[in-house]
Structure formats: structure tokens, C-alpha cells
Protein chains: 2
Amino acid sequence: MSGKPYAQYCGLARALDVVGERWSLLIVRELLIRPARYSDLLAALPGVATNLLAQRLRDLETGGVIERRLGRPGQGVVYALTDWGAGLRETVEALLRWSTPLMTPGPGSDAVRPHWLELALTALLAGRTAVPAAEIALETAGTVLMVRADQSGPAVTALAPPAELPGAMTVLRAEPPVILGLAAGTLTAEQAIAAADLAGDPGALRQIFTRPAPP
Amino acid sequence: MSGKPYAQYCGLARALDVVGERWSLLIVRELLIRPARYSDLLAALPGVATNLLAQRLRDLETGGVIERRLGRPGQGVVYALTDWGAGLRETVEALLRWSTPLMTPGPGSDAVRPHWLELALTALLAGRTAVPAAEIALETAGTVLMVRADQSGPAVTALAPPAELPGAMTVLRAEPPVILGLAAGTLTAEQAIAAADLAGDPGALRQIFTRPAPP
DNA sequence: CCGCATCCTCATGGATACTG
DNA sequence: CAGTATCCATGAGGATGCGG
């Protein structure tokens with residue numbers, strides 16, 4: 001940590017001492033999706049100052065959350081989560097599920113990165129049992145996200161270019177990018193619900209739509 | 001939120017805009033345990049400045065996370081979570097589980113509040129199926145926490161004074177307060193594991209003890 | 001007492017420029 | 001590419017005041 005600690009013998013306080021400062025969890029988000037280099041992080045975190053990113057990476061490393069790896073020779077440093085750091089997935093997914101009401105206003109002028117959808121989709125489908133071989137794909141901002149559900153649960157992968165798409169598959173198109181159509185746009189609530197049904201968990205998204213809304 | 005928003009169309013970023021600032025999640029922690037008044041929060045959050053606490057309470061209220069209630073006549077304002085704010089329980093419990101390795105060094109000079117253990121115990125036992133009628137109690141810092149497990153899962157309640165304790169019940173004593181004996185102290189790891197076994201989930205705590213450790 | 005608001009100081013974050 | 005150095009704006013922390 002870089003700021004002053006809470007100095008409380010409470011797991012939440014000590015966890016926040018490690019990952020509670022500004023940008024820290026967003027860096028973890030990026031590395032939960034895939035390991036990244038400094039410049040990748042800079043691009044994925046618009047608005048972060050370069051010194052602050054460097055500082056946070058140091059903090060997270062000394063905190064045992066991430067580690068520096070040497071990429072293939074000639075390539076620079078690659079940051080990745082440690083085993084313990086990867087354990088933040090549950091926390092991040094819980095926050096992503098909690099945040100769905102905040103997504104309904106749509107992107108507005110906010111930055112958009114298609115790969116964020118991978119995590120969001122995974123979080124929304126996490127822990128849900130799915131029918132084997134059920135498949136959907138979501139095309140958004142030129143990237144196709146494929147949800148392939150089997151006995152081990154749903155998995156989300158990114159396919160680019162879209163040409164890699166397997167043949168007979170339901171593809172939902174959404175522009176601008178949306179979290180399963182939660183924002184107003186070309187993907188309607190009905191379509192999103194249908195997508196969840198296809199993914200093997202009928203009613204899952206209907207439940208999400210009826211969450212208590214924020215102001 | 002009070003600071004500047006991340007301006008990212010990502011659920012995590014938007015969630016952190018609401019509850020990501022300093023002290024916010026610790027306030028949520030307190031209200032997850034029970035509704036509280038301003039002075040209760042001040043006492044439970046040592047180190048927080050009074051103006052900052054007031055500011056955060058305003059932020060969380062306009063964010064739809066908490067609400068002000070009028071206590072019984074003569075009593076002041078009571079803060080409580082909204083339905084949506086209560087949805088942060090999953091996030092907080094995930095962080096509490098993730099943080100267990102950070103608790104092994106013990107309290108040191110950190111502040112200690114027995115009621116924090118209620119949440120921690122609940123988080124550690126969350127989602128685990130338990131044998132009906134299995135019961136343990138943990139006495140720490142003058143408070144007795146009772147874990148009563150039934151079909152709906154384990155529940156943790158605080159009993160004070162200890163005299164209220166039902167008759168034939170296993171009581172583990174720990175001083176100073178510990179998270180199920182994870183810290184060095186009078187409650188050994190073996191006792192804590194035995195406590196988890198009693199609570200109906202053999203091996204649960206053994207699993208926690210073998211998590212990858214932080215630096 | 002309780003529930004804040006004000007004032008002040010200093011650490012932290014943000015933006016930009018620069019370097020090995 | 002992967003950061004450091006610098007400067008300024010902002011927010012945190014501590015003390016104190018004050019109306020109900």
C-alpha cells in the first residue's frame with residue numbers, strides 16, 4: 001500500500017490497504033482478463049498518470065498481488081497476477097454483478113473497451129449451471145464474444161476477427177457495446193433474456209433486470 | 001461519489017465510483033452488521049475525520065447505497081443500507097475470505113472491535129452446508145459469538161453478556177481477538193479447525209490455512 | 001451529549017515533460 | 001517502451017466550534 005493504513009484488525013480493512021487505493025482494482029481487472037505490459041495497462045486505463053500507474057504496480061507487487069515476468073526475449077516486462085492475486089476474481093465478479101443497475105444509463109462519453117465485456121459476461125453467468133453445448137455469441141465494437149457453456153459452467157472467450165466464428169451459432173449484435181443489452185440500444189431486453197436462455201439458464205437475466213435500481 | 005469518476009463503461013469502474021473511495025466500504029461493513037448512528041460509526045472507524053465521515057455518508061446516500069432513518073423519538077438519525085446497498089454483502093464477504101492470509105500476523109497495534117468478527121465468521125462459513133443443530137461459540141474480548149448452523153446455513157450472532165449462552169455448548173476462548181484463531185494466540189489452529197468441523201463443514205478451515213501466503 | 005460544519009496543514013493524485 | 005521528474009490542484013486528517 002502507499003497511503004496510510006486503516007490500522008484495523010479486520011480482514012476488509014487489511015484487504016483495502018492492499019487493493020483499496022485508486023486504480024488498484026482496475027489494474028487487477030485488466031490482469032484478470034489477461035497478463036499485460038505497462039503500455040497495455042496505460043491504454044486500458046485512460047486517465048491514469050504514468051507515475052501513478054508505476055507506483056500502483058510497485059505497491060501491488062510488494063503486496064504480493066501481482067508479479068513481473070520477463071516476456072519472450074526482446075519483449076519487455078509482463079505483469080501478471082500471483083495465485084493469491086487471482087483470488088480477487090470473486091470480489092471483482094461480485095462487484096460487477098452488483099453494478100449492473102449502474103450500467104443501464106449506457107456509456108455516454110465514458111471510455112469503452114470490448115475486453116471488459118469478457119469479465120462482465122463471465123461474472124453475470126458465474127456459478128450458473130448450463131446446458132452442455134449451448135452457445136451464444138455477442139458481437140460488439142468489432143469483437144465477438146462467445147459464451148460456450150458446458151458441464152464446468154459457462155466460459156467467455158473473445159474471437160477476432162469474427163470470421164473465426166463457428167458455423168451455426170446465434171449471434172447478437174450490439175452497438176454501442178453493452179452489458180448483454182442492459183443499456184438502451186440495438187439489443188433489447190428481450191434479446192438479452194433470450195441470450196441468457198440460450199446460455200442454459202432461463203430467467204437469469206430476468207432476475208438481473210428486476211434488481212432494485214439506484215437513483 | 002465525491003472524487004472524479006473513472007469515466008469507463010465498465011461495471012467495476014462504476015461500482016468503484018460509488019463505493020471505491022476511502023472509508024466507504026468500511027462504512028458499508030458497519031451497516032452490514034447492523035444499522036448505526038453517526039457516533040457509532042465514528043467509534044467503529046478510528047482515524048476517520050468527522051467532516052470526511054459526514055461527506056461519505058452524503059455520498060453513499062446520494063449514491064443509493066444507504067438511507068437515513070429517524071430512530072425512535074428523541075433518538076437521532078440512524079443510517080442503514082438500502083436493499084441495493086445490502087447487495088454489497090457478497091463483495092465484502094469475498095474480500096474477507098481473500099484477506100485471511102493478511103490476518104495471520106495478528107492485531108499488533110491495530111484497532112480491534114469484536115463485532116467485526118461476526119461478519120468475518122459469516123463470510124468464512126458462507127455458502128457451506130452445515131449439519132443441523134451443530135453449534136459452537138467463540139468468546140473473545142468479552143463478547144461471545146455464537147455460530148448456529150441449520151439447513152439455511154450458518155448464522156452468527158453476538159451474545160452479551162456471556163451468561164445468555166445456552167447450556168451444553170462448545171465454547172472456544174481467544175484472547176486477543178482472532179479470526180477463528182488464525183492469529184497466533186491462545187486459540188490454536190487445531191482448535192479452530194475443530195470448531196469448523198463442529199460447525200458442520202469438516203476441512204473448511206484446513207483449506208483456508210493452506211492458502212498461498214502473502215509476503 | 002449528538003451531528004455535523006469550518007479551518008488549516010500536508011500528503012496524494014493528476015497532468016505534462018522528460019529520460020535511459 | 002517503460003518508466004522518472006516536476007509542478008500544481010485536490011482530498012485526507014486533525015483540531016475546534018456550534019446549533020439542537
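Reckoned from all heavy atoms, side chains included, excluding hydrogens, waters and symmetry mates. Here is the naming used below: chain letters follow the sequence lines, and residue numbers restart at 1 for every chain.
Here D:dA12 presents its P atom at 8 Å from CD of B:Q55, a figure rounded to the nearest Å. Atom C1' of nucleotide C:dG3 and atom CD1 of B:I27 are separated by 14 Å, given to the nearest angstrom. In this structure, the CG atom of A:L53 is 14 Å from the P atom of D:dC1, given to the nearest Å. When the P atom of C:dG13 is taken as reference, atom CZ of A:R58 falls 12 Å away, rounded to whole Å. Between the CG atom of B:L60 and the C1' atom of C:dC4 there is a distance of 16 Å, given to the nearest Å. In this entry the distance linking CG of A:L57 with C1' of D:dC1 reads 14 Å, nearest Å. A straight line from CG of A:D40 to C1' of D:dA2 spans 12 Å, rounded to a whole angstrom. Going from atom CG of A:L52 over to atom P of D:dA5 covers 15 Å, rounded to whole Å.
Nearest-nucleotide positions on DNA chain C place B:R37 closer to the 5' end than the other of A:E21 and B:R37.
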Can you pull every protein N or O that's under 3.5 Å from an N or O on nucleotides 16-20 of chain C?
none

Name the pairs: protein N/O against N/O of nucleotides 17-20 of chain D, kept only if under 3.5 Å.
none

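Side-chain proximity of B:R22 to the nucleotides D:dG3, C:dC2, D:dG13 is greatest for D:dG13. When each of D:dG11, C:dG13, D:dG3 is scored by its nearest atom to the side-chain atoms of A:A54, the top-ranked nucleotide is D:dG3.
The side chain of B:R56 contributes no N or O atom lying less than 4.0 Å from OP1 or OP2 of D:dG11. The phosphate of C:dC4 has OP1 or OP2 within less than 4.0 Å of a side-chain N or O from B:R68. Residue B:Y6 has no polar side-chain atom (N or O) positioned under 4.0 Å from OP1 or OP2 of C:dG13. Regarding contacts with the backbone of C:dC1, every side-chain N or O of B:Y38 stays at 4.0 angstrom or more from both OP1 and OP2. Distances shorter than 4.0 Å separate some side-chain N or O of B:K4 from OP1 or OP2 on C:dA15.
The two residues A:V19 and A:L25 come nearest to each other via the heavy atoms O-CG, 3.6 Å. In terms of heavy-atom proximity, A:S99 sits nearest to B:L12 at OG-N, 4.3 Å. Between B:Y79 and B:I66, the closest heavy-atom pair is CD2-CD1, 3.9 Å. For the pair B:R37 and B:V77, the tightest heavy-atom approach, listed with the atom from each and the gap, is CG-O, 3.1 Å.
Axis angle, first five pairs versus last five pairs of the helix from C:dC1-D:dG20 to C:dG20-D:dC1: 30°, rounded to 10°.
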message: Using side chain to side chain contact (heavy atoms under 4.5 Å, CB included), reason through A:L16 and A:E21 one step at a time and then give a plain yes or no.
response: CA-CA 7 Å; A:L16 291 175; A:E21 291 184 278; over 6 Å; no
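Considering only residues two or more places apart in sequence or on other chains, A:R89 meets the salt bridge (Lys or Arg N to Asp or Glu O under 4.0 Å) condition with A:E93. Among residues two or more places apart in sequence or in another chain, the salt bridge (Lys or Arg N to Asp or Glu O under 4.0 Å) test is passed with B:R22 by none.
Distance CD/A:Q8 to CZ/A:R14: 10.0 Å, rounded to 0.5 Å. Note that CD of B:E90 is 12.5 Å distant from CG of B:L95, once rounded to the nearest 0.5 Å.
Under the side-chain hydrogen bond (donor to acceptor under 3.5 Å, both in side chains) criterion, the residue pairs touching residues 39-60 of chain A are A:Q55-A:R58, A:Q55-A:D59, A:R56-A:D59, with sequence neighbours excluded.
Taking the six-membered ring for Trp, B:W23 and A:Y6 have ring centres closer than 6.0 Å.
Taking the charged nitrogens against the carboxylate oxygens, B:D17 and B:K4 have no contact shorter than 4.0 Å, which rules out a salt bridge.
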